[in-house]
Visitor: 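Supplied in structure tokens, the structure appears directly below.
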Protein chains: 2
Amino acid sequence: MEDTAPVSSQEQIASPRRAPSQQRSRERVERMLAAASALIAEQGSDAMRMGEVAQRAGVSIGSLYQFFPDKRAIVWALAERYTAESQACISAALADVGDAEGLGQAFSELVDIYYGLFLAEPVMRDIWSGTQADKALRQLELADSRANAEFLTAVLKRLRPAADPTALETTAFLVWQMGEAAVRLAISVDRQEGDRLVEAYKRMALRELLAE
Amino acid sequence: MEDTAPVSSQEQIASPRRAPSQQRSRERVERMLAAASALIAEQGSDAMRMGEVAQRAGVSIGSLYQFFPDKRAIVWALAERYTAESQACISAALADVGDAEGLGQAFSELVDIYYGLFLAEPVMRDIWSGTQADKALRQLELADSRANAEFLTAVLKRLRPAADPTALETTAFLVWQMGEAAVRLAISVDRQEGDRLVEAYKRMALRELLAE
DNA sequence: TGCAAATGTGAGGATTGCTCATGTTTTGAA
DNA sequence: TTCAAAACATGAGCAATCCTCACATTTGCA
């Protein structure tokens, strides 16, 4: 009943019950995550069975629960890795944008990369599809989106110094979230329509970002 | 093992295992849906237990499964009612839009109504939150969104007869989906920021709808 | 009235997330 | 080196839950 891990606020955020401190256990945790990733790619996270994860990782079910408090925590851990990776990429792409044309270029490329990732990575697709239903994942996605929107806000403040800062923040956050929604929509229809939708989103977003 | 209900395509769409034909059973099905609705409002559809639905509806668990093939089917049935209701409302609001100003007016009102519904109706909020995870619900939402986007497309074709029809269809569908995403985003942040996001969405959407 | 179809019931089968008592390995201080 | 404490590993089994099915009851109708 006692919690050793700190519980943030009242919502129970998924977190390792115990962080692996030895080399051996660190390797085993990696194997667990790899097994989970493979199973999600094959059947989706809903159909992923904890017993199967353990078996494929070559560990016992008990070991699995030694490091992950529950099933969602495994998915969450994978999701966290994706967000950390992509943040660096996004930050770099937007860092040296100097004018409107540069923003258009960088933004378009970012959207393409994101769209391509969703098309190619079944795990990513699965994880962020369930986002709405899972409280912890929704939380993670919102935080990630806010962080990414901040990079965009910084660019906007440079390009449009006269505009109201709060309005720019709202615009950046909205545009970013619309982008994620647009990509999720695009991959759930056929490829041709998906491409059209992504292009339409780009135009719409850029029009908004460069307005006024 | 035998299916009496027709199975559309290969994906198993949730549908009543047997349609109630007698007055008595129709009333009981209503009670089941009412009970489910109440439980979803209280705890969310994930925490809703089939046994509890049956108990609250005053029927046995077996009767529940006589008319609903599985748990998701109950949620789906509730969702279908919401979409049917809202379609009529949307169709009416957009039917007699004659000019750009009229579109701006009608569109803004529709968004407000939708936003208000999500703020006030916990059941609706819950159902459409899980949309991404559940195949059948995702299907229903896409079909609904397509239907609603068609009303919007009709207006656009009237206002911009020179534009490419396919482009207008893509724009309408995208704008509509972005609206649903924007509202879902808005209700998951605090009220003040939510209001700002919805207003920003309206501006962005109208700019796109009336562009060129 | 009588019979077939529709409806109603709830104990229990089957699956699955997760616990816990117990055993093994690693660490680090004396 | 020694050895106790901490970390790690195990898997049988508990508990929760969805759903089935054999059997009982009610309804519609010829």
Side-chain angles (χ1 to χ4, degrees), chain A residues 1-5 12 14-33 35-36 39-40 43-77 130 133-136, chain B residues 1-5 12 14-33 35-36 39-40 43-77 130 133-136:
Chain A
M1 284 294 180
E2 69 272 43
D3 281 332
T4 51
Q12 42 194 4
S15 66
R17 169 168 314 190
R18 164 189 274 164
S21 71
Q22 303 177 359
Q23 181 66 22
R24 172 182 51 144
S25 53
R26 245 171 286 143
E27 285 168 2
R28 297 178 112 240
V29 165
E30 282 310 309
R31 287 217 306 280
M32 295 173 200
L33 286 173
L39 285 170
I40 290 172
Q43 340 164 340
S45 55
D46 235 39
M48 176 185 86
R49 305 295 164 214
M50 294 301 269
E52 215 172 341
V53 174
Q55 189 179 4
R56 207 180 267 215
V59 304
S60 71
I61 188 75
S63 286
L64 204 51
Y65 281 94
Q66 193 113 76
F67 302 100
F68 300 98
D70 54 33
K71 184 176 172 179
R72 302 177 318 152
I74 296 190
V75 179
W76 195 86
D134 187 293
K135 284 270 164 62
Chain B
M1 282 295 179
E2 71 272 45
D3 280 332
T4 52
Q12 44 193 4
S15 65
R17 170 169 312 192
R18 166 189 272 164
S21 72
Q22 302 177 359
Q23 181 66 20
R24 171 182 52 145
S25 54
R26 244 172 286 145
E27 284 169 4
R28 297 179 111 237
V29 166
E30 282 310 310
R31 287 218 307 278
M32 296 174 200
L33 287 173
L39 284 171
I40 290 173
Q43 341 164 341
S45 55
D46 236 37
M48 177 185 84
R49 304 299 164 211
M50 292 302 269
E52 215 172 342
V53 173
Q55 188 179 5
R56 208 180 269 217
V59 304
S60 69
I61 188 76
S63 286
L64 204 52
Y65 281 94
Q66 193 111 66
F67 301 100
F68 300 98
D70 55 33
K71 184 176 171 178
R72 303 178 317 152
I74 295 190
V75 179
W76 195 87
D134 186 293
K135 283 271 164 61

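Every chain is numbered from 1, with letters handed out A, B, ... down the list of sequences.
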Visitor: What is the distance from atom CZ of A:Phe68 to atom CG of A:Leu33, rounded to the nearest 0.5 Å?
Guide: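 Answer for the CZ-CG pair, A:Phe68 versus A:Leu33, is 4.0 Å.
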Visitor: Without decimals, in angstroms, what is the distance between B:Gln66 CD and D:dC19 P?
Guide: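 The distance from CD of B:Gln66 to P of D:dC19 comes to 15 Å, rounded to the nearest Å.
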Visitor: Can you tell me which nucleotide in D:dA9, C:dT7, C:dT19 comes closest to the side chain of B:Pro20?
Guide: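 Nearest to the side-chain atoms of B:Pro20, counting from C-beta on, is C:dT7.
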Visitor: How many angstroms lie between CE in B:Met48 and CD1 in B:Ile74, if you round to the nearest 0.5 Å?
Guide: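 Rounded to the nearest 0.5 Å, the CE-CD1 separation comes out at 5.0 Å.
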Visitor: Do B:Met50 and B:Tyr65 make a side-chain contact, defined as non-hydrogen atoms from C-beta onward lying under 4.5 Å apart?
Guide: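 Counting from C-beta outward, B:Met50 and B:Tyr65 do come under 4.5 Å.
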Visitor: Round to a whole Å and report the spacing from CG of A:Asp70 to C1' of C:dG17.
Guide: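 That distance rounds to 9 Å.
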Visitor: Choosing from D:dC8, D:dC19, C:dT7, which nucleotide comes nearest the side chain of B:Ile61?
Guide: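 The answer is D:dC19.
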Visitor: Between C1' on C:dT16 and CG on A:Leu39, what's the gap in Å once rounded to a whole number?
Guide: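 Value for this atom pair: 15 Å.
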Visitor: Check this one for me: any side-chain N or O of B:Arg28 less than 4.0 Å away from OP1 or OP2 of C:dT7?
Guide: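 So the side chain of B:Arg28 is outside the cut-off, no N or O lying under 4.0 Å from OP1 or OP2 of C:dT7.
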Visitor: About how many Å separate OG of A:Ser60 and CZ of A:Arg28, when rounded to the nearest 0.5 Å?
Guide: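 Taking CZ in A:Arg28 and OG in A:Ser60, the distance rounds to 6.5 Å.
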Visitor: In whole angstrom, give the distance that lies between atom CZ of A:Arg18 and atom P of C:dT25.
Guide: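 So the two atoms are 17 Å apart, to the nearest Å.
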Visitor: Using a cut-off of less than 4.0 Å, is there contact between a side-chain N or O of B:Ser21 and OP1 or OP2 of C:dT7?
Guide: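 Looking at the OP1 and OP2 atoms of C:dT7, one of them is under 4.0 Å from a side-chain N or O of B:Ser21.
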Visitor: Is the distance from OP1 or OP2 of C:dT25 to the nearest side-chain N or O of A:Arg24 less than 4.0 Å?
Guide: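 For A:Arg24, the contact criterion (side-chain N or O under 4.0 Å from OP1 or OP2 of C:dT25) is not met.
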Visitor: Counting just side-chain N and O atoms, does B:Ser63 come under 4.0 Å of either OP1 or OP2 of C:dT9?
Guide: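 Checking C:dT9 against B:Ser63, a side-chain N or O does come within under 4.0 Å of OP1 or OP2.
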Visitor: So if I take residues 50-60 of chain A and measure heavy-atom distances to DNA chain D, which residues fall below 4.0 Å?
Guide: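 A:Val59, A:Ser60 - these, ordered by number, are the residues of the stretch whose heavy atoms sit under 4.0 Å from the strand.
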Visitor: Check side chain to side chain contact (heavy atoms under 4.5 Å, CB included) between A:Arg49 and all other residues, then give those that pass, not counting sequence neighbours.
Guide: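 With neighbours one apart ignored, the set is A:Glu52, A:Lys71.
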Visitor: To the nearest angstrom, how far is B:Gln23 atom CD from D:dG28 atom C1'?
Guide: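 Distance check: B:Gln23 CD to D:dG28 C1' gives 14 Å.
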Visitor: What integer distance in Å separates A:Asp46:CG from C:dT15:P?
Guide: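 It is 18 Å, rounded to the nearest whole Å.
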Visitor: A:Gln22 has a side chain; which of C:dT19, C:dT7, D:dC8 sits nearest to it?
Guide: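 It is D:dC8.
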Visitor: Distance check needed: C:dG10 C1' versus B:Tyr65 OH, whole Å only.
Guide: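 From B:Tyr65 OH to C:dG10 C1': 13 Å.
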Visitor: Is any side-chain N or O of B:Arg49 closer than 4.0 Å to OP1 or OP2 of D:dA16?
Guide: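 False: B:Arg49 side-chain N/O out of range (4.0 Å or more) of D:dA16 OP1/OP2.
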Visitor: For a quick test of reading the model, state the closest non-hydrogen atom pair linking B:Met32 to B:Val53 and the distance between them.
Guide: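 Smallest interatomic distance, heavy atoms only, reads O-CG1, 3.8 Å.
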Visitor: Do you know the tightest heavy-atom contact between B:Trp76 and B:Ala136?
Guide: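 The pair with the smallest heavy-atom distance is NE1-O, 3.5 Å.
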Visitor: Expressed in angstrom and rounded to an integer, what is the separation of B:Lys71 atom NZ from D:dT20 atom C1'?
Guide: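 The answer, rounded to whole Å, is 18 Å.
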